[in-house]
Amino acid sequence: MNDFFFQVYQLVRKIPPGRVTSYGAIAAYLGSPGAARMVGWALNASGSQNEFVPAHRVVNRSGLLTGKFHFDTPRTMQELLENEGLKIANGQILNFEKKFWDPAKELKNKL
DNA sequence: TAGCTGACGCCCT
DNA sequence: CAGGGCGCCAGCT
């Protein structure tokens, strides 16, 4: 396990319930914009982590639940998000802009 | 050891 | 407006 993975997990755990962020935002925050794919790859291995990682709060830049097929069932991700008060239609988060949680802004003065 | 792939994102046609 | 291609970094075959 590399630091990159750890940083991703650490960051994802800081996402407040009811909020979501994007792979690109995380990648950019970690200093590697464009490496959004890596973030997804890291989350793919999040299941190997002992601590729970709210991977369902990470979606693509359009608010699409692109990673839902990597959960137990394709609807698990959506249900988890809905359980946190988010509205989802057609695999996409409604009001994504308002629910978006930008690590660069939220943690800018906290690190 | 070299090459392919992947839960993305942006640019070009 | 839609489709295709390249870049990003690390793990796996």
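Note on naming: letters A, B, ... go to the chains in the order of the sequence lines (proteins, then strands), and numbering restarts at 1 for each one.
At a non-hydrogen distance threshold of 4.0 Å, A:S22, A:Y23, A:G24 from residues 19-27 of chain A come into contact with DNA chain B.
Salt-bridge check for A:K14 with A:E106: failed, with every basic side-chain N at 4.0 Å or more from each acidic carboxylate O.
Computed from coordinates, the A:N44 CG to C:dA10 C1' distance equals 12 Å when rounded to whole Å. Rounded to a whole Å, the CG atom of A:L30 is 14 Å from the C1' atom of B:dC8. Look at OH on A:Y29: it is 18 Å from P on C:dC9, rounded to the nearest Å.
Distance CG/A:N95 to CD1/A:I88: 11.5 Å, rounded to 0.5 Å.
Remark: the backbone N or O of A:A42 is paired with a side-chain donor or acceptor of A:Y9 at under 3.5 angstrom.
Separating the P atom of B:dT1 from that of C:dC8 is a span of 24 Å, rounded to the nearest Å.
Of all heavy-atom pairs between A:F4 and A:V39, the closest is CE2-N, 4.5 Å. Across all non-hydrogen atoms, the minimal contact from A:F5 to A:A45 is CE2-CB, 4.0 Å.
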Original post:
Which nucleotides of nucleotides 1-8 of chain C have their base under 4.0 Å from a protein heavy atom (B), which only their sugar-phosphate (S), and which neither (-), written as one string 5' to 3'?
Top reply: ------BB

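Under a 4.5 Å side-chain heavy-atom cut-off, the cluster of Ile, Leu, Val, Met, Phe, Trp and Tyr residues that includes A:F52 has no other member.
Just one of A:I15, A:L11, A:V8 meets the side-chain contact (heavy atoms from CB on, under 4.5 Å) condition when paired with A:V58; it is A:I15.
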